[in-house]
Amino acid sequence: MRPSKEDDYICTGVSLADLAPNKNLWVTKFEAVSQGNRAHHMIISRCKVPVKTKHGATWDCAHHAMCKDSSKIMFAWAKHAQPTQLPPDVGFQLEPDDFIVLQVHYAKPLEQTDHSGISIMFVDTAPKYTAGMFLLLRSHLNIPPETLATHGDVNCAAQIK
């Protein structure tokens, strides 16, 4: 991949059918293959219909254009973060018709090709527990320069029946 502009988002995907035809797999470990001065952050998601399905294809995926259907984030990495190993007997389940999509955000363009990515460890035996991601988002938070701390509430709306 070679980012050509500031805040460039580049995606690529792989079909689980190409990795293990007609099998469920479970992800047990994620490890970034990157130098922190290249990729700003990376996200691994799964979905059924990525924007492009051809093996090795890349695309501009700014504004969350990773999948044509809904995607489920499994892992996020930012500069110099350590590998994420799930607890024993825990894994993210992947189905045979899933695609794994990698989104790489580059804060600045690069003059050379970059090979940042995520190494993923799979098992083909169901673990005792299924992993999931609970993502909370806070937008419209103003953090003034040179501020030591800023508080921003994040919560879920409760439905009372």
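A quick note: this is a predicted structure, and the numbers were derived from the prediction, not measured.
With sequence neighbours excluded, the residues forming a side chain to side chain contact (heavy atoms under 4.5 Å, CB included) with Ala17 are Ser15, listed by chain and number. Checked against salt bridge (charged side-chain N to carboxylate O under 4.0 Å, His left out), Asp8 has the following partners two or more places apart in sequence or in another chain: Lys5. Every residue two or more places apart in sequence or in another chain was checked for a side-chain hydrogen bond (donor to acceptor under 3.5 Å, both in side chains) with Asn24, and none qualifies. For Asp18, the salt bridge (charged side-chain N to carboxylate O under 4.0 Å, His left out) test picks out no residue, with sequence neighbours left out. Applying the side chain to side chain contact (heavy atoms under 4.5 Å, CB included) test to Val49 and every residue at least two apart in sequence or in another chain returns Lys68, Asp69. Scanning for side chain to side chain contact (heavy atoms under 4.5 Å, CB included) contacts around Ser70 gives Lys72, with sequence neighbours left out. For Ala76, the side chain to side chain contact (heavy atoms under 4.5 Å, CB included) criterion is met by Ile43, not counting sequence neighbours. Residues satisfying the ring-ring contact (aromatic ring centres under 6.0 Å, His included) test with Phe30, not counting sequence neighbours, are Phe75, Phe92. Lys52 pairs by the salt bridge (charged side-chain N to carboxylate O under 4.0 Å, His left out) definition with nothing, not counting sequence neighbours.
Of the charged side-chain nitrogens involved, at least one lies within less than 4.0 Å of a carboxylate oxygen, so that Lys48 and Asp98 count as a salt-bridged pair.
Of the possible donor and acceptor atoms, one in the side chain of Trp59 sits under 3.5 Å from a partner among the backbone N and O of Ala65.
Every pair tested for salt bridge (charged side-chain N to carboxylate O under 4.0 Å, His left out) that includes a residue from residues 99-112 fails, sequence neighbours excluded, so the list is empty. The salt bridge (charged side-chain N to carboxylate O under 4.0 Å, His left out) contacts involving residues 119-129 comprise Lys23-Asp124, where partners must be two or more places apart or lie in separate chains. Residue pairs that meet the disulfide bond (SG atoms under 2.5 Å apart) test with at least one member in residues 64-110, sequence neighbours left out, are Cys47-Cys67.
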